[in-house]
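The shown structure was predicted, so the numbers you read here are calculated from the model rather than taken from an experiment.
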Amino acid sequence: MKILLTGSEGFVGKNLQFFLKDEHQLICLDKKLGNDLINCDLDYNVDLVIHLAGLSGVRQSLDNPVEYWTNNVVASYRIFNQFKNKKILYASSSTANEPWRNPYAMSKFYMEQIAPENSLGMRFTTVYGPGGREGMLIPKLIQDDVSYINVDHCRDFIHIEDLMSAIKILIKNDVKDKVLEIGTGSSINLLDLLDKLNMTIEDKRMGTMFERKDNKASIQTLKDLGWSAKTNLIDYIKNERGNYGNI
């Protein structure tokens with residue numbers, strides 16, 4: 001299958017390249033490769049589009065709402081319009097469940113509204129694993145570099161390899177859903193996470209109105225397709241903490 005992959009040089013994109021390269025022919029587009037989706041050539045004959053390009057991050061979107069709208073909505077409109085007759089899998093976010101909270105969530109929600117009928121919005125929860133953004137909580141826990149914790153937040157953390165296996169299933173199967181949540185199907189309170197890791201942090205805060213309290217995914221459709229998450233979050237962090245201490 002010939003697949004157009006946007007955002008190919010990001011965390012998810014790089015992993016997806018590795019997982020798909022032996023089975024499919026990939027055409028990769030990314031700003032790091034000189035391809036700005038606002039104005040780059042999109043004249044490709046492909047069987048499938050996997051659209052991952054865009055800006056992520058709740059807090060950054062509060063400072064740069066126009067940039068998020070341009071990169072997430074305007075750029076996606078070009079993709080959706082150009083490939084409206086092809087199957088499209090595109091990266092949405094669990095934040096889109098509550099779009100009023102921040103510009104990032106609104107941009108992902110609006111992407112879902114303008115997406116063509118033959119597309120599927122993949123609402124990722126909190127993705128972690130090797131190569132993930134250093135500023136995220138899991139890398140900070142591994143490096144013992146967490147300055148504060150939100151006491152009222154619960155997060156559904158999904159390992160990058162589990163996300164890859166879910167996407168591979170969605171490539172092979174058509175689903176009736178317009179959007180589909182991809183997570184483990186369970187969430188953990190961040191204080192409970194610290195307890196399970198035998199860690200303590202003095203600076204405990206309440207979350208802001210701009211972030212969801214709990215992003216647990218509903219994954220029944222994926223379960224019906226035979227998918228389940230395999231990586232245990234606690235085991236992963238403990239193992240990586242051990243490796244980090246030995247560097």
Which atom pairs, one a donor and one an acceptor, fall under 3.5 Å between side chains of residues 130-138 and the rest of the protein, sequence neighbours left out?
from   : atom 1 : to     : atom 2 : distance (Å)
Glu134 : OE1    : Gln143 : NE2    : 2.7

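- Counting heavy-atom neighbours within 6.0 Å of Lys196 NZ, excluding the residue itself, gives a total of 12 or less.
- One finds a salt bridge joining Lys213 and Asp152 here, because a Lys/Arg side-chain nitrogen approaches an Asp/Glu carboxylate oxygen to under 4.0 Å.
- Dense packing is recorded around CZ of Phe19, with more than 12 heavy atoms of other residues, nucleotides or ligands lying under 6.0 Å away.
- With respect to the salt-bridge test (charged N to carboxylate O, under 4.0 angstrom), the residues Lys140 and Asp145 qualify.
- Heavy atoms only, all atoms of each residue included: Ile160 and Gly129 are closest at CG2-CA, 4.2 Å.
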Worksheet item: Given the rule in the side-chain hydrogen bond (donor to acceptor under 3.5 Å, both in side chains) test, do Asn150 and Lys204 qualify, once you have shown the distances and angles that lead to the verdict?
Response: CA-CA 6 Å; Asn150 288 326; Lys204 299 179 177 64; over 6 Å; no

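- Salt bridge present: Lys87 and Asp174 bring a charged side-chain N and a carboxylate O closer than 4.0 Å.
- The side-chain hydrogen bond (donor to acceptor under 3.5 Å, both in side chains) search around Gln17 returns Glu9, not counting sequence neighbours.
- Centroid-to-centroid, the aromatic rings of Phe157 and Tyr236 stay 6.0 Å apart or farther.
- For an aromatic pair to be called close, the ring centres must be under 6.0 Å apart, and Trp69 with Tyr110 satisfies this.
- A salt bridge links Lys168 with Glu23; the closest basic N to acidic carboxylate O contact falls under 4.0 Å.
- Looking only at atom types and distance, the side chain of Ser107 has a donor-acceptor partner in the side chain of Asn72 under 3.5 Å away.
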Under 3.5 Å donor-acceptor pairs involving side-chain atoms of residues 36-50, not counting sequence neighbours:
from  : atom 1 : to    : atom 2 : distance (Å)
Asp36 : OD1    : Ile38 : N      : 3.0
Asp41 : OD1    : Asp43 : N      : 3.0
Asp47 : OD2    : Lys2  : N      : 2.8

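- The shortest non-hydrogen separation linking Ile182 to Ala166 is CG2-CB, 3.9 Å.
- In this structure, Arg205 is positioned above the aromatic face of Tyr148, its NZ or CZ under 6.0 Å from the six-membered ring centre and within 45° of the axis.
- By the 6.0 Å contact criterion, CZ on Arg78 is enclosed, its count of non-hydrogen atoms from other residues, nucleotides or ligands being greater than 12.
- Salt bridge Arg123/Glu112: present, at least one basic N to carboxylate O contact under 4.0 Å.
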